[in-house]
Engineer: 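Okay, here's the structure, questions in a sec.
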Amino acid sequence: AMLAGYIFIFQGVLQDNARMANQGALNEIRRPSDDEIEHKKLFDESQLFILKNDNSSKTSVIRVGIDLVYFEKVRGIKNCKEKIALYDSEIKELMGTYFQDKTLEQVKEIDFKQKSKEELKKMINDLLNSNEKTYGEIVYEIVFYDWFYQ
């Protein structure tokens, strides 16, 4: 009877711990609320970028519409909106240089879009934090609302 009681209690504790761990994991991947984030269209219209080309007789391009989703407030940063506006030209240049180094074959890959979102997010956050004392994630997400290549 004591063994059965011990198993019953111990199993309940394990289930509670697993449930709390799952809840903690869900909190870590929680999307910020609407009042925590802002959106900025990087270009007024979808932007064309020429892709790196191995074949000189054919020019490949990608057309993208880019929306930056960024945190309204980040510890150590006075005003995120102003900071992004200040670095607007550098961010646009960074985008152009990024796609200029990619080939049509790379862009065609199924996971390229997600990979480029992550890489560009890191590059932009690194740029925005280049003169800060502490590193804070300012850009939360990059959204490609238009994506066409040929």
Side-chain angles (χ1 to χ4, degrees), residues 11-150:
Q11 184 178 4
V13 169
L14 284 177
Q15 287 175 346
D16 288 343
N17 287 343
R19 192 177 11 232
M20 287 171 53
N22 286 339
Q23 188 176 15
L26 288 175
N27 286 339
E28 288 177 18
I29 58 172
R30 176 189 75 83
R31 184 166 179 86
S33 66
D34 291 343
D35 61 340
E36 292 177 294
I37 56 174
E38 294 258 346
H39 293 259
K40 175 183 176 28
K41 236 181 214 189
L42 197 54
F43 300 98
D44 291 334
E45 298 177 3
S46 294
Q47 189 68 32
L48 285 174
F49 296 107
I50 296 175
L51 298 170
K52 184 164 86 172
N53 200 347
D54 297 331
N55 181 357
S56 61
S57 65
K58 180 182 166 192
T59 301
S60 301
V61 297
I62 185 167
R63 182 185 73 202
V64 291
I66 304 166
D67 191 18
L68 296 180
V69 181
Y70 62 94
F71 288 102
E72 214 174 65
K73 296 178 183 174
V74 174
R75 177 192 267 169
I77 309 245
K78 189 175 176 182
N79 187 325
C80 293
K81 188 174 193 170
E82 286 179 8
K83 181 126 183 135
I84 288 176
L86 183 65
Y87 282 87
D88 184 65
S89 296
E90 289 92 339
I91 294 170
K92 287 176 181 176
E93 180 184 24
L94 191 143
M95 289 287 178
T97 304
Y98 179 82
F99 285 109
Q100 201 174 28
D101 191 41
K102 304 302 176 195
T103 64
L104 182 61
E105 288 72 32
Q106 289 174 304
V107 171
K108 286 181 179 179
E109 292 176 14
I110 194 90
D111 62 338
F112 178 78
K113 188 189 262 189
Q114 186 60 39
K115 180 182 168 190
S116 64
K117 285 181 177 191
E118 293 302 318
E119 289 176 353
L120 286 166
K121 176 182 150 184
K122 180 173 181 354
M123 291 167 70
I124 294 169
N125 277 321
D126 288 350
L127 172 68
L128 295 172
N129 282 281
S130 61
N131 63 350
E132 296 294 332
K133 292 179 182 174
T134 59
Y135 191 96
E137 184 179 87
I138 299 168
V139 175
Y140 171 72
E141 180 180 34
I142 295 177
V143 177
F144 294 117
Y145 61 86
D146 184 20
W147 182 271
F148 177 79
Y149 53 84
Q150 86 179 45

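All figures in this text were calculated on a predicted structure; none of them were measured in a lab.
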Engineer: Below 3.5 Å, can you tabulate the donor-acceptor pairs from side chains in residues 104-113 to any protein atom, sequence neighbours excluded?
Structural biologist:
unit_1, atom_1, unit_2, atom_2, d
Gln106, OE1, Thr103, N, 2.8
Gln106, OE1, Thr103, OG1, 3.4

Engineer: Does a side-chain N-to-carboxylate-O contact under 4.0 Å join Asp67 and Lys40?
Structural biologist: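 Salt bridge absent between Asp67 and Lys40.
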Engineer: Determine, stepwise, if the pair Ile84 / Tyr70 fulfils side chain to side chain contact (heavy atoms under 4.5 Å, CB included).
Structural biologist: CA-CA 9 Å; Ile84 288 176; Tyr70 62 94; 3.3 Å; yes
Engineer: Heavy-atom count check: over 12 atoms from other residues, nucleotides or ligands less than 6.0 Å from Ile50 CD1?
Structural biologist: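 It does not: Ile50 CD1 has 12 such atoms or fewer within range.
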Engineer: For Glu132 and Gly76, which heavy atoms make the closest approach, and how far apart are they?
Structural biologist: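 Of all heavy-atom pairs spanning Glu132 and Gly76, the closest is OE1-O, 3.5 Å.
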Engineer: For the residue pair Thr97 / Gln100, report whether a side-chain donor-acceptor contact shorter than 3.5 Å exists.
Structural biologist: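 Note: Gln100 and Thr97 side chains miss the donor-acceptor criterion.
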Engineer: Are there over 12 heavy-atom neighbours, none belonging to Asn131, within less than 6.0 Å of that residue's CG?
Structural biologist: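 Count over threshold, so yes.
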Engineer: Measure the CZ-CZ distance between Arg63 and Phe148 for me, rounded to the nearest 0.5 Å.
Structural biologist: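 One gets 6.0 Å once the value is rounded to the nearest 0.5 Å.
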Engineer: Looking at Glu93, I'd like to know if its CD atom is crowded, meaning that more than 12 non-hydrogen atoms belonging to other residues, nucleotides or ligands lie closer than 6.0 Å.
Structural biologist: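 Open.
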Engineer: Quick check: are there more than 12 heavy atoms from other residues, nucleotides or ligands sitting under 6.0 Å from NZ of Lys92?
Structural biologist: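 Buried by this count: over 12 neighbours within 6.0 Å.
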Engineer: Which heavy-atom pair separates Met95 from Ile142 by the least distance, and what is that distance?
Structural biologist: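 Looking at all heavy atoms of both residues, the closest pair is CE-CD1, 4.2 Å.
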Engineer: Could you walk me through whether Ile91 and Leu127 pass the side chain to side chain contact (heavy atoms under 4.5 Å, CB included) check?
Structural biologist: CA-CA 8 Å; Ile91 294 170; Leu127 172 68; 3.9 Å; yes
Engineer: Considering all heavy atoms of both residues, which atom of His39 and which atom of Ile37 are nearest to each other, and what is their separation?
Structural biologist: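 So the minimum-distance heavy-atom pair works out to NE2-CD1, 4.2 Å.
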Engineer: For the pair Glu141 and Arg31, find out whether any cationic side-chain nitrogen is under 4.0 Å from an anionic carboxylate oxygen.
Structural biologist: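 Salt bridge: yes.
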Engineer: Side chains of Leu120 and Tyr98: closer than 4.5 Å at any heavy-atom pair?
Structural biologist: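 Touching, per the 4.5 Å side-chain cut-off.
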Engineer: If I take atom OG from residue Ser89 and atom CG from residue Leu94, how far apart are they, to the nearest 0.5 angstrom?
Structural biologist: 12.0 Å
Engineer: What's the verdict on side chain to side chain donor-acceptor pair (under 3.5 Å) for Asn129 and Lys83, showing C-alpha distance, side-chain angles and the deciding distance?
Structural biologist: CA-CA 10 Å; Asn129 282 281; Lys83 181 126 183 135; over 6 Å; no
Engineer: Looking at side-chain heavy atoms only, is the closest gap between Leu48 and Val64 below 4.5 Å?
Structural biologist: no
Engineer: In Å, rounded to the nearest 0.5 Å, how long is the span from CZ of Phe144 to CD1 of Ile66?
Structural biologist: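 The CD1 atom of Ile66 is 5.5 Å from CZ of Phe144, to the nearest 0.5 Å.
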Engineer: Supply the atom-to-atom distance Ser130 OG to Tyr87 OH, rounded to the nearest 0.5 angstrom.
Structural biologist: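 Nearest 0.5 Å value for the OG-OH distance: 4.0 Å.
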Engineer: The test is side chain to side chain donor-acceptor pair (under 3.5 Å); show your working for Glu119 and Ser116 and say whether it passes.
Structural biologist: CA-CA 5 Å; Glu119 289 176 353; Ser116 64; over 6 Å; no
Engineer: Which atom names give the shortest non-hydrogen contact between Phe99 and Leu51, and what distance separates them?
Structural biologist: O-CD2, 3.4 Å
Engineer: For Lys102, what residues pass the salt bridge (charged side-chain N to carboxylate O under 4.0 Å, His left out) criterion, not counting sequence neighbours?
Structural biologist: none
Engineer: Show, in sequence, the C-alpha distance, side-chain angles and deciding distance for Trp147 and Ile62, and conclude whether the side chain to side chain contact (heavy atoms under 4.5 Å, CB included) test is met.
Structural biologist: CA-CA 7 Å; Trp147 182 271; Ile62 185 167; 3.8 Å; yes
Engineer: Which distance, rounded to the nearest 0.5 Å, do you find between the CD of Gln47 and the CD of Glu45?
Structural biologist: 9.0 Å
Engineer: Measuring from Ile138:CD1 to Ile124:CD1, what's the distance to the nearest 0.5 Å?
Structural biologist: 10.5 Å
Engineer: Asn125 vs Tyr135, test: side chain to side chain donor-acceptor pair (under 3.5 Å). Steps then yes/no.
Structural biologist: CA-CA 9 Å; Asn125 277 321; Tyr135 191 96; 4.8 Å; no
Engineer: For Tyr140 and Phe71, I'd like to know if the aromatic rings sit close, meaning centre-to-centre distance below 6.0 Å.
Structural biologist: yes
Engineer: Can you check side chain to side chain contact (heavy atoms under 4.5 Å, CB included) on Glu72 and Glu36, steps first, answer last?
Structural biologist: CA-CA 6 Å; Glu72 214 174 65; Glu36 292 177 294; 5.9 Å; no
